[in-house]
K.L.:
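Take a look at this one; I'll ask things after.
Protein chains get the first letters and strands the later ones, always in sequence-line order, with residue 1 at the start of each. Just the heavy atoms: all of them, side chains too, but no hydrogens, waters or symmetry mates, feed the values below. Keep in mind that what you see is a predicted model, and the values were worked out from it rather than measured.
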Amino acid sequence: MFCRKFDFDLARTLTSGQVFRWREVSVASQGSTFSGWIGANRAEVTQQGQQVTVRGVSAEHVSHFFALDSDLKEIARQIDVDPVIHAALQRYRGLRIIRQDPWECTASFILSSFNNILRLTGMIETLSLRFGDQGVFPRPEALAKVSERVLRNCGLGFRAPYLKTAAQAVASGSAPLEDCRRLEDDELRRSLCKIPGVGEKVVECILLFAYGRAAAFPVDVWIGRSMRAWYFRNRKVTDRQLREFARKHFGPYCGWAQQYLYCTARSGTNE
DNA sequence: TCCCAGGTGTCGC
DNA sequence: GCGACACATGGG
């Protein structure tokens, strides 16, 4: 596979807090190799300069997963509306929004609540090894059968009942994640928010990272703190107001802006 | 020991 | 609608 210059940065994309099952396996002088999962397939992706090579899955799968069909140059042009985002676009050039499996994304971000990424990564790994087929992230049918006590033993804490009930809802068909694809953004939000553990922030993550809804805008503690400082002189502004502001300020691709701002907000911390 | 983590659900006003 | 609080757990 060949990518245009500055069009895609594999490492930045995979280490920006969208996915939690990819690991860097080797570092070459001019590039890097990551190993992870695309749906139920184990994949290894290497980037050497502008060259991207793939093992384990088709180039089409990889292209879709990393949204290489999205015109990043045009998206960047549209959201480049102020000095803060302008600097972030320069600094994190090639960062893309991934298209994940809806269930894995939903489950992952339910577990992300009041958590940190290091521990979240460990929780997801534990679940995959214990309940997934060949290490793949466990299907909802599998998790629905696991007792709350056992899930707590995996370190999920108070999130255990959320995940179990969510798995039951998806497995039973009362939360049809695939059928949901036809819904418009707000309908999709309302539908997904019925799942226990999915609230105003997590639902934005699912829309953005699994359903390709570029106008979704998750506001977490990092984005919240930073945006209040950058755009509101640290005035009291609710998360909802920040989302409204972002939608007007950055436009229909505000979700992409969010990811660049998130990386900026977190810079200086271990990712 | 204290503080924090890519929040949510619930309650009171 | 907003603010306060509980909720488990591990790392810094």
K.L.:
Hey, would you say the F250(A) and Y260(A) ring centroids sit under 6.0 Å apart?
P.N.:
no
K.L.:
When the distance from CZ of R225(A) to P of dG6(B) is rounded to whole Å, what number comes out?
P.N.:
9 Å
K.L.:
For nucleotides dC5(C) and dC3(B), find the distance between their P atoms and express it as a whole number of Å.
P.N.:
15 Å
K.L.:
Measure from the side chain of R240(A), starting at C-beta and using heavy atoms only, and say which of dT8(B), dG1(C), dA5(B) lies closest.
P.N.:
dG1(C)
K.L.:
By nearest atom, which of the nucleotides dG6(B), dG11(C), dA5(B) is closest to the R266(A) side chain?
P.N.:
dG6(B)
K.L.:
Nearest to the side chain of R119(A), which nucleotide is it out of dG10(C), dG6(B), dA5(B)?
P.N.:
dG10(C)
K.L.:
Over how many whole Å does the gap from Y162(A) atom OH to dT8(B) atom C1' extend?
P.N.:
4 Å
K.L.:
Between E74(A) and Q78(A), do the side chains contain an N or O donor and an N or O acceptor separated by less than 3.5 Å?
P.N.:
yes
K.L.:
So if I apply the side-chain contact (heavy atoms from CB on, under 4.5 Å) rule between T33(A) and each of V45(A), V25(A), T53(A), L10(A), which one comes out positive?
P.N.:
V25(A)
K.L.:
Applying a 4.0 Å non-hydrogen cut-off, can you work out what R159(A) is touching in the nucleic acid: base, sugar-phosphate, or nothing?
P.N.:
base
K.L.:
So, does the side chain of Q259(A) form a donor-acceptor pair with the base of dG6(B) at under 3.5 Å?
P.N.:
yes
K.L.:
If you check the F209(A) side chain, which of dG7(B), dA8(C), dG6(B) turns out closest?
P.N.:
dG6(B)
K.L.:
Atom CD1 of I98(A) to atom P of dG6(B): distance rounded to whole Å?
P.N.:
17 Å
K.L.:
Run the salt bridge (Lys or Arg N to Asp or Glu O under 4.0 Å) test on D69(A) and R99(A) for me, step by step, so that the C-alpha distance in whole Å, both residues' side-chain angles and the decisive distance to 0.1 Å come before the verdict.
P.N.:
CA-CA 11 Å; D69(A) 53 315; R99(A) 297 192 188 110; 3.1 Å; yes
K.L.:
Taking only the P atom of each, what is the distance from dT8(B) to dG10(C) in whole angstrom?
P.N.:
22 Å
K.L.:
Between dC2(C) and dG6(B), how far apart are the C1' atoms? Round to whole Å, please.
P.N.:
23 Å
